[in-house]
Amino acid sequence: MSGSMEFLLWTKGPMFNIAITIFAIGLLVRIAEIVMLGRKKNFAEARAGEWLPGLRTMLTRTVADPGTFQRAPFNVVVGWIWHIGFLIVLLLFLPHIALIESLTGLSWPALPNPIISLVTAVTLVALLATLVHRMTHPVKRRISTVEDYIVWAVVFAVVLTGWLAYYRLVHPYPLILGMHILAAEIMLILLPFTKLTHIFTAFIARWYNGAAFGRKGVQS
Amino acid sequence: MSELTLAQDRTTPQRDATPSELTLERGLAAFRAEVDGPVAAFFSSCVHCGICAQACPFYLETGDPKYTPILKLEPLRRVWENDFTLWGKIKGKLGLQQQVTDEMLTEWEELLYDSCSMCGRCSMVCPVGNDLALMIRKSREGMVQAGHAPEGLIAASVRAIKTGSPMGLQWKTLQVQIEHVQTSSGLRVPVDQEGVEYLVLLSSMEIINFPEYLEAITKIFDHAGVTWTLSTQCFEATNAGIQIGNKDIAAQLVERVVAAAQTLKVPKVISPECGHAFTAIRWEGPNLIGRPYPFRVFHIIEVLDELRASGRIKTEGMETDRLSMHDPCNLARKSGVIDQQRNLMNLVAENFVELKEHGKFQWCCGAGGGVSSNERAEPLKMAAFKRKKAQIEEVNPERMVTMCATCRTQLEEGLEEFNMEIPVVGLTEMIAEHLVEKN
Ligand code: SF4
Ligand code: SF4
């Protein structure tokens with residue numbers, strides 16, 4: 001018991017600081033790399049501005065166009081479910097809000113625990129579905145790399161350990177809670193160096209896309 | 001210079017490098033020169049979801065996952081990761097980088113040229129917002145310098161530089177056509193006329209396959225009282241340098257248009273019924289030469305719709321058969337000309353039905369982006385056409401209308417291949433047929 005308590009304290013203390021530092025510096029470097037590369041001046045006469053269409057695409061790309069939805073409903077729906085599930089649990093579970101409050105001073109109301117528990121279960125199932133899809137769909141199999149599987153495993157581990165900790169299915173409790181925190185920290189550390197970066201850069205990418213098309217008079 | 005080559009020496013030769021290593025190094029330098037903020041943002045964001053494949057006619061109609069758009073960009077992605085990210089550099093120190101090799105580029109030539117019409121549809125659907133078509137265009141710059149461009153496109157580029165036309169067509173051929181038009185219409189086709197409103201450019205494909213176009217604009221402009229001219233200095237609007245991916249050649253071809261427009265002191269230039277030519281001259285041109293134009297550029301369809309809106313085109317009678325329309329990718333999705341052709345259709349057609357996915361979400365005919373000049377790609381081009389064919393079958397029109405000579409040729413060939421008796425007409429010609437006779 002005392003060993004697991006020490007482990008928990010380590011994940012909450014030194015390891016947390018290490019993870020946050022690597023995450024923050026790594027992400028800053030990554031975004032600086034993008035922004036500093038910049039774009040060449042565009043001499044072609046624009047049909048419209050870039051900012052508004054860019055901002056619009058940042059939002060609209062969240063929803064698939066009807067044709068794509070029809071051609072890849074499973075991919076789209078499962079992707080949606082687990083992203084939303086993950087966000088709900090991350091942002092609306094009471095202990096998570098408490099953590100955010102201790103770090104930033106900001107807080108908001110939580111969802112009742114049974115709902116969080118249900119959402120977590122759905123997220124786990126959806127994540128499993130994405131794994132099966134990745135391993136079976138010819139396109140996904142062809143383009144997947146080791147990184148895709150590592151990232152999947154880490155994200156899955158974060159949700160799974162959280163769920164196990166919530167139901168106290170692993171004893172002693174500090175061990176599973178510590179594992180949950182550690183998994184989240186590994187995710188933070190990996191974030192700037194893997195495709196997890198898309199959490200931030202996808203909005204930059206969408207802006208560039210929307211701006212380039214918007215300039216030519218097409219809302220992308 | 002006895003033989004034209006496409007590669008430009010951008011590196012200082014090292015004494016112990018073999019010629020092929022030098023070529024690869026030059027290619028990699030060209031890839032590197034294409035990496036910018038958007039490219040870095042795009043590769044940073046890809047989640048390998050595979051959705052882009054669902055937008056690509058080359059994947060959808062062959063079912064071969066190697067045609068997944070993001071996979072086509074693997075060489076550029078590696079260059080970005082190795083040379084433009086901290087992580088890539090750390091990997092380099094550990095010897096873990098994935099290098100771009102000559103063998104890899106040999107394999108990717110088919111992916112970057114034969115199986116991509118640069119239609120831009122993937123750029124519209126990627127959930128993280130990657131502009132994949134832009135990156136294909138960029139990758140081709142690297143491929144040319146690395147010596148991995150298809151024969152057909154090299155030949156077209158060399159012909160374009162030498163003769164002014166990617167098909168090797170000369171002014172005297174056009175001259176014969178001008179005379180035909182003058183005889184049959186009784187109107188004069190202005191040539192090298194200074195100070196008119198528009199300089200009209202053509203595409204060789206149009207001159208050879210669809211001479212009706214020149215007669216149609218001659219009639220329409222006479223009817224609307226528009227002043228215009230052709231130029232003996234430069235009549236070709238297409239840009240083989242852009243299709244193959246060579247900025248130097250592309251810039252030279254653009255400079256020819258600029259010089260012709262300046263000689264004739266025209267304020268406006270018209271790009272013909274060709275989608276590629278329009279994106280080339282309208283969007284890429286000024287950036288290739290590194291300065292804004294002293295004139296404005298329009299697609300013929302934009303000009304016609306302008307004339308319609310200002311009441312300068314008077315038409316009579318309507319087409320009564322069931323017509324549908326193919327939007328050229330370069331015109332609609334990639335240039336924002338979407339409503340104009342519909343306004344014009346509604347002017348002269350009473351039974352116009354849209355294809356289900358149209359406008360910015362239309363499907364490519366399969367022939368763009370240099371695919372049609374690359375003989376080797378013929379089977380893939382026909383495979384990609386099946387997407388269009390299915391769309392056409394869905395609405396079952398009596399004729400198809402379009403406004404791009406390359407699309408039109410592809411539609412005609414494709415429909416014939418599948419024994420579908422659906423004639424294809426150019427929109428400009430169709431408008432010309434309905435002009436109210438002058439008295
Ligand atoms: S759709 Fe976008 S994110 Fe998904 S695999 Fe293709 S490029 Fe990557
Ligand atoms: S631009 Fe068009 S043809 Fe090329 S990869 Fe994208 S969807 Fe496929």
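Quick note on labels: first sequence line is chain A, next is B, and so on, each numbered from 1. Model, not experiment: these values are computed from the prediction.
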Q.
Is it the case that over 12 heavy atoms from other parts of the model lie below 6.0 angstrom from the CH2 atom of A/W207?
A. yes
Q: Enumerate by number any residue of residues 14-34 of chain A whose heavy atoms lie under 4.5 Å from heavy atoms of chain B; in the absence of such residues, state 'none'.
A: A/V29, A/R30, A/E33, A/I34
(Q) If the contact rule is any heavy atom under 4.5 Å from chain B, which residues of residues 119-129 of chain A qualify, in numerical order? (A) none
Q | Test applied, side-chain contact (heavy atoms from CB on, under 4.5 Å); reference residue, A/L164; option that passes from A/L169, A/V159, A/L177 | A | A/L169
Q) Should the ring pair B/H299 and B/F278 be called parallel, tilted or perpendicular, given that the plane angle runs from 0 to 90° and is split at 30 and 60? A) perpendicular
**Q.** B/R291 side chain to A/F43 backbone, donor-acceptor under 3.5 Å
**A.** no
(Q) Taking side chain as everything from C-beta outward and backbone as N, CA, C, O, which of these in A/F213 sits under 4.5 Å from a heavy atom of chain B? Side chain, backbone, both or neither. (A) side chain
Q: Could you list all the salt bridge (Lys or Arg N to Asp or Glu O under 4.0 Å) pairs where at least one residue sits in residues 63-87 of chain A, not counting sequence neighbours?
A: A/R71-B/E357
Q: Evaluate the side-chain contact (heavy atoms from CB on, under 4.5 Å) criterion for residues A/R206 and A/T62: first the C-alpha distance (whole Å), next the side-chain angles of each, then the deciding distance (0.1 Å), finally the verdict.
A: CA-CA 10 Å; A/R206 287 178 181 180; A/T62 312; 3.0 Å; yes
Q) For chain A, which of B/A53, B/G336, B/S123, B/A55 has the most heavy-atom pairs under 4.5 Å? A) B/S123
Q) What part of B/T68 gets closer than 4.5 Å to chain A, counting heavy atoms only: side chain, backbone, both or neither? A) side chain
Q: For chain A, find which of B/P38, B/G50, B/P65 contributes the most heavy-atom pairs closer than 4.5 angstrom.
A: B/P38
Q) Which residues in residues 136-153 of chain A have any heavy atom lying under 4.5 Å from a heavy atom of chain B? A) A/H137, A/P138, A/V139, A/K140, A/R142, A/I143, A/S144, A/T145, A/D148
